[in-house]
2 protein chains.
Amino acid sequence: MAAKPLRADAERSVRAILDAAQRVLSENPTASMEQIAEAAGVARTTVHRRFANREALLRAMGLWAWQRIKEAIEAARPMTAPPMVALHQATANVLAVKDSWTFALDNADATDPETEAVRAEVAALRDNAFAGARDAGIFAPDADLAWLARVYIALISESVHGQDEAGDPDVLATRVLDTLLHGFGPRT
Amino acid sequence: MAAKPLRADAERSVRAILDAAQRVLSENPTASMEQIAEAAGVARTTVHRRFANREALLRAMGLWAWQRIKEAIEAARPMTAPPMVALHQATANVLAVKDSWTFALDNADATDPETEAVRAEVAALRDNAFAGARDAGIFAPDADLAWLARVYIALISESVHGQDEAGDPDVLATRVLDTLLHGFGPRT
DNA sequence: GGGGACTGCATCATCAATGTAGCAAGAAAA
DNA sequence: TTTTCTTGCTACATTGATGATGCAGTCCCC
């Protein structure tokens with residue numbers, strides 16, 4: 001992707017368009033390019049200059065958002081920090097990103113190899129962390145890690161749905177992990 | 001809604017259109033009315049005769065799907081059967097409906113009073129069942145029922161995502177409830 | 001400061017989707 | 001059987017999104 005080093009103002013335009021697209025499309029997924037341009041504070045033709053068509057814009061959004069997810073996980077030092085600490089930190093970081101890139105993350109183009117590469121890295125980090133946590137006794141030894149990962153992601157998605165909630169990432173992360181570990185049954 | 005009793009063939013058309021719309025739109029949410037008509041095996045003008053515009057079609061889909069959810073829950077006799085049995089049965093029934101109406105359920109028009117009425121009934125049944133289950137000792141006495149309900153719905157949605165899985169509703173329901181109750185931590 | 005990159009604006013062309021209308025043929029209901 | 005409803009088809013009008021182009025003014029960077 002990073003083929004041509006853009007000039008500073010062009011870079012700014014791209015960022016503004018991506019931000020606006022996330023904002024507008026999460027409200028109305030069928031919004032026109034013109035509405036996105038308006039929200040970004042640029043002319044419609046500028047959007048077309050940077051992104052040949054809607055598909056290209058969607059692709060760029062997905063790639064951008066998934067890269068930020070990857071950064072969020074890596075910032076938690078999942079390979080070196082103690083498992084439970086890393087788990088909490090990564091969850092909190094991811095929640096912060098997910099909160100404002102839900103649309104892009106959920107609608108990333110699954111046929112774009114670049115985006116898929118990043119997603120694969122994220123998946124590897126995640127699976128690795130879960131396997132380590134299981135070995136550390138945090139999860140049950142016979143836990144279904146594939147189902148566990150899906151539940152984990154679902155809990156994160158659900159956590160950022162509630163627009164009414166305060167949304168302190170640390171509080172939300174605590175709740176996610178508590179639910180993931182213990183569920184809602186009576187605790188003996 | 002049931003204002004005019006439709007003739008048998010018209011009724012059949014409406015059903016075919018709703019089915020086709022669910023099928024086509026879940027693949028491509030921006031599909032045209034023409035694509036839906038084609039999938040339904042009717043002419044485009046027939047779709048327009050039954051549904052003035054896209055919005056009306058979406059509204060009808062949402063209402064229809066939520067009514068089926070309500071039936072699925074009531075069929076489990078949540079007020080009379082033992083809590084755990086009702087919970088399992090309702091979950092399995094809902095999974096079956098959700099599996100083939102995800103799009104309609106997720107995109108139901110929140111501003112349509114008819115649909116909202118059905119959703120409210122469903123929410124009441126659900127909340128009631130959860131409160132009963134908590135009183136019966138199935139859930140912890142201090143469980144956050146609002147968060148519990150959201151997690152429950154998220155688990156159901158996640159369960160029908162996996163297209164590769166076999167998808168026996170009873171198996172899936174068991175997994176949903178097991179996860180909901182115990183999570184993935186080590187069991188003492 | 002100067003050359004090149006970038007933007008806003010105005011314009012134009014095209015296309016797909018939408019929505020309406022009328023009519024002849026067929027299906028359902030009485 | 002007769003009446004009424006429903007459908008497919010064809011035709012047409014309209015609208016909105018899309019995408020391309022050119023140019024004058026502005027901003028970056030060397």
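Since the structure is predicted, the reported quantities are computational estimates derived from the model, not experimental observations. Below, all heavy atoms of this structure are taken into account, side chains as well, without hydrogens, waters or symmetry copies. Throughout, protein chains are lettered first and strands after them, A, B, ... in sequence-line order, and every chain is numbered starting at 1.
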**Student:** Would you say that A:L18 contacts A:V14 through its side chain, given a criterion of any heavy-atom pair below 4.5 Å between the two side chains?
**Tutor:**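 Counting from C-beta outward, A:L18 and A:V14 do come under 4.5 Å.
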**Student:** I'd like to check B:R50 versus B:V42 (side-chain heavy atoms, cut-off strictly below 4.5 Å). Are they in contact?
**Tutor:** no
**Student:** May I ask you to test the B:L57-B:I36 pair for a side-chain heavy-atom distance under 4.5 Å?
**Tutor:** yes
**Student:** Would you say B:M79 has more than 12 foreign heavy atoms packed within less than 6.0 Å of its CE?
**Tutor:**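 For B:M79, atom CE is not crowded (no more than 12 foreign heavy atoms under 6.0 Å).
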**Student:** What is the distance from atom CZ of A:R175 to atom CD of A:E158, rounded to the nearest 0.5 Å?
**Tutor:** 8.5 Å
**Student:** After noting the C-alpha distance and the side-chain angles of B:D106 and B:K98, does the key distance pass the salt bridge (charged side-chain N to carboxylate O under 4.0 Å, His left out) rule?
**Tutor:** CA-CA 10 Å; B:D106 290 351; B:K98 171 90 182 174; 3.1 Å; yes
**Student:** Can you tell me if B:E116 has over 12 outside heavy atoms packed within less than 6.0 Å of its CD?
**Tutor:**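 More than 12 within 6.0 Å, yes.
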**Student:** To the nearest Å, give me how far apart CG (B:L25) and P (C:dA17) are.
**Tutor:** 13 Å
**Student:** Is B:E27 salt-bridged to B:R23, cutoff N-O under 4.0 Å?
**Tutor:**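 A salt bridge is absent here (no side-chain N lies under 4.0 Å from a carboxylate O).
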**Student:** Can I get a per-line list of side-chain donor-acceptor pairs under 3.5 Å for residues 122-145 of chain A, giving both atom names and the distance, sequence neighbours left out?
**Tutor:**
from, atom 1, to, atom 2, distance (Å)
A:D144, OD1, A:A146, N, 3.1
A:D144, OD1, A:W147, N, 3.2

**Student:** Rounded to whole Å, how long is the line connecting atom CZ of B:F51 with atom C1' of C:dA17?
**Tutor:** 18 Å
**Student:** Mapping A:V42 and B:E34 to their closest nucleotides on DNA chain C, which lands nearer the 5' end?
**Tutor:** A:V42
**Student:** What is the separation between atom CD1 on A:I36 and atom C1' on D:dA17, rounded to the nearest whole Å?
**Tutor:** 12 Å
**Student:** I need the CD-P distance between A:E38 and C:dC9, as an integer number of Å.
**Tutor:**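 From A:E38 CD to C:dC9 P: 12 Å.
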**Student:** Choose from C:dT7, C:dG8, D:dT7 the nucleotide whose nearest atom is closest to any side-chain atom of B:R50.
**Tutor:**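 Selected nucleotide: D:dT7.
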**Student:** What is the bend of the helix from C:dG1-D:dC30 to C:dA30-D:dT1 when you compare the axis at one end with the axis at the other, using five pairs each and rounding to 10°?
**Tutor:** 50°
**Student:** Do B:R15 and B:W64 have side chains that get closer than 4.5 Å, going by heavy atoms?
**Tutor:**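 In short, these two side chains touch, coming nearer than 4.5 Å.
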**Student:** Using a cut-off of strictly less than 4.0 Å, decide whether A:T46 has a side-chain nitrogen or oxygen near OP1 or OP2 of C:dG8.
**Tutor:**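 Affirmative; the distance criterion is met.
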**Student:** Which residues in residues 13-22 of chain B have a heavy atom closer than 4.0 Å to any atom of DNA chain C?
**Tutor:**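 Within residues 13-22 of chain B, no residue comes under 4.0 Å of DNA chain C.
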**Student:** Do A:L172 and A:T91 come close enough that some side-chain heavy atom pair is under 4.5 Å?
**Tutor:** no
**Student:** Could you tell me whether A:Q67 atom CD has more than 12 heavy atoms of other residues or ligands within 6.0 Å of it?
**Tutor:** yes
**Student:** Could I get a table of every N or O pair under 3.5 Å where one atom is in the protein and the other is in nucleotides 28-30 of chain C?
**Tutor:**
from, atom 1, to, atom 2, distance (Å)
C:dA28, OP1, B:R12, NH2, 3.0

**Student:** Give the rounded distance in Å between these two atoms: NE2 of A:H48 and P of C:dA13.
**Tutor:** 18 Å
**Student:** Flag yes if B:Y152 and B:M84 sit in one hydrophobic cluster, no otherwise; membership is Ile, Leu, Val, Met, Phe, Trp, Tyr, and two members link when side-chain heavy atoms are under 4.5 Å apart.
**Tutor:**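 In one cluster with B:Y152: B:M84, yes.
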**Student:** Could you state the atom-to-atom distance from CG of B:L57 to C1' of C:dA17 in whole Å?
**Tutor:** 15 Å
**Student:** Between protein and nucleic acid, restricted to nucleotides 9-12 of chain D and to nitrogen or oxygen atoms under 3.5 Å apart, what atom pairs and distances do you find?
**Tutor:**
from, atom 1, to, atom 2, distance (Å)
D:dC9, N4, B:T45, OG1, 3.3

**Student:** Would you indicate whether the side-chain heavy atoms of B:D9 and B:R12 approach each other to under 4.5 Å?
**Tutor:**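 The answer is yes; the side chains approach within 4.5 Å.
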**Student:** Give me the distances for all protein-to-nucleotides 1-3 of chain D N/O pairs that come in under 3.5 Å?
**Tutor:**
none

**Student:** Is A:S32 near enough to D:dA17 that one of its side-chain N or O atoms lies under 4.0 angstrom from OP1 or OP2?
**Tutor:**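 A:S32 to D:dA17 OP1/OP2: side-chain N or O found under 4.0 Å.
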**Student:** Quick one: B:N28 CG to C:dA17 P, roughly how many Å, whole number?
**Tutor:** 10 Å
